[in-house]
Amino acid sequence: METENADARTYEKIVLTLVVPVFNESETVSLFMERVKKVFDEFDWIGLDVVFVNDGSTDNTLERLLELKNHYRSIRIVDLSRNFGKEAALTAGLKIASGHVVVPIDVDLQDPPELIIEMIQKWQEGYDVVVGKRINRDSDSWIKRKSATWFYRIHNKISEPKIPENVGDFRLMDRSVVEALNELPESRRFMKGLFTWVGFRTTAIEYARPERIAGTTKFNGWRLWNFALEGITSFSTDPLRIWAYIGGVVASISFLFAIFMIFKVLLYGVDVPGYASVVVAVTFLGGLQLVGIGIIGEYIGRSYIESKRRPVYLVRRVYGQKD
Ligand code: UDP
Ligand code: MG
């Protein structure tokens with residue numbers, strides 16, 4: 001297997017698998033295929049294999065995909081039993097991706113397929129992973145850009161490994177990298193983190209991220225917030241450990257305060273007023289404890305879900321290249 005991987009770079013013909021998660025994308029799937037076809041028609045040494053993962057679409061995305069499959073022989077469709085989210089859909093696609101190189105790509109053409117040619121060249125030079133790095137995020141709203149910056153800042157401060165900023169799921173991976181990813185056992189899969197975690201020889205190419213070609217984004221504010229929590233709790237236990245330090249600091253302060261009170265009583269006698277400060281201390285500490293418990297709960301919840309060992313996704317049907 002190992003030698004076969006090494007050789008693939010020198011093959012005259014290679015197979016490229018595109019892994020395309022789709023959720024309610026009836027407006028975009030055919031535009032995507034047209035563009036991809038146009039790009040790769042010129043390169044007859046690249047055998048195209050497109051794996052669409054239908055992530056429980058509730059519109060007629062599946063019908064559209066089946067129509068496309070009649071037109072283009074290179075299409076496979078993994079139809080999931082419901083919406084499992086983009087991370088699970090990518091996992092499902094990577095599992096059956098069989099090309100020498102594999103590229104997860106969004107269907108809305110925000111990841112320009114033209115770049116893949118450049119990525120393949122880098123792969124031929126010897127890199128195992130070629131990530132697409134966005135040089136601007138103009139296509140995102142101000143709030144999304146700001147929250148992304150903060151997410152990377154916090155995540156990379158406390159997590160190992162650090163995830164590169166402005167790099168999404170769009171990347172080319174050698175077979176060996178995909179096989180490594182498929183080996184990872186966790187069921188809550190924050191792909192950006194897992195991609196980085198597996199390592200391998202990595203380089204980046206830069207691109208300006210265009211607007212969505214049609215349809216609307218599937219990631220609203222609440223979903224992104226949960227996605228960020230997922231990322232941080234998947235790769236760091238610092239939020240749990242910090243409570244020991246906060247507790248230490250608060251306990252030290254109250255100890256000093258106790259000594260101060262003892263001396264005060266000894267020197268000046270008993271002093272009853274102090275209701276306000278007691279209430280402030282009690283409510284402040286109560287709040288602090290609840291935050292701490294909440295964070296611990298977040299991790300316990302994750303271990304609970306992980307311990308059930310449920311599959312990451314369920315497949316309703318696979319439409320292969322032959323049927
Ligand atoms: N997607 C998916 N499952 C989901 C949400 C999104 O498979 O639950 C797909 C979607 O169809 C698209 C890709 O993930 O191909 C990226 O989604 P989107 O363009 O909405 O995200 P954005 O670019 O706004 O971050
Ligand atoms: Mg998009």
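Atoms within a ligand are numbered from 1 in the order they appear, just like the ligands themselves. Basis for what follows: all heavy atoms, side chains included, without hydrogens, waters or symmetry-related copies. Numbering of residues begins at 1 and proceeds along the displayed sequence.
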Original post:
N/O/S of Thr217 less than 2.8 Å from the Mg ion (ligand 2)?
Top reply: no
Original post:
Below 6.0 angstrom between ring centroids: does that apply to Tyr127 and Phe200?
Top reply: no
**OP:** Could you walk me through whether Val312 and Phe84 pass side-chain contact (heavy atoms from CB on, under 4.5 Å), step by step?
**Re:** CA-CA 8 Å; Val312 181; Phe84 285 92; over 6 Å; no
Subject >> side chain to side chain donor-acceptor pair (under 3.5 Å) partner of Asn54, chosen from Asp79, Asn24, Thr61 >> reply: Asp79
Original post:
Which N/O/S atom belongs to Asp108 and is the closest one to the Mg ion (ligand 2)?
Top reply: OD2
Subject >> Parallel, tilted or perpendicular: ring planes of Phe43 versus Trp45, cut at 30 and 60 degrees >> reply: perpendicular
Subject >> N/O/S from Asp106 sitting under 2.8 Å away from the Mg ion (ligand 2) >> reply: no
**OP:** Sort out for me which residue in Asp55, Asp108, Asp106 forms a salt bridge (Lys or Arg N to Asp or Glu O under 4.0 Å) with Lys86.
**Re:** Asp106
Original post:
Near Ile242 CD1, under 6.0 Å, is it more than 12 heavy atoms from other residues, nucleotides or ligands?
Top reply: no
**OP:** Any pair with a residue in residues 246-258 that passes salt bridge (Lys or Arg N to Asp or Glu O under 4.0 Å), sequence neighbours left out, goes on the list, sorted by first then second residue, please.
**Re:** none
**OP:** Sort out the contact shell of ligand 1: every protein residue with a heavy-atom distance below 4.0 Å, listed by chain and number.
**Re:** Pro21, Val22, Phe23, Glu25, Asp55, Asn83, Gly85, Lys86, Asp106, Val107, Asp108, Gln110, Lys144, Arg209, Arg212, Thr217, Lys218, Phe219, Arg223
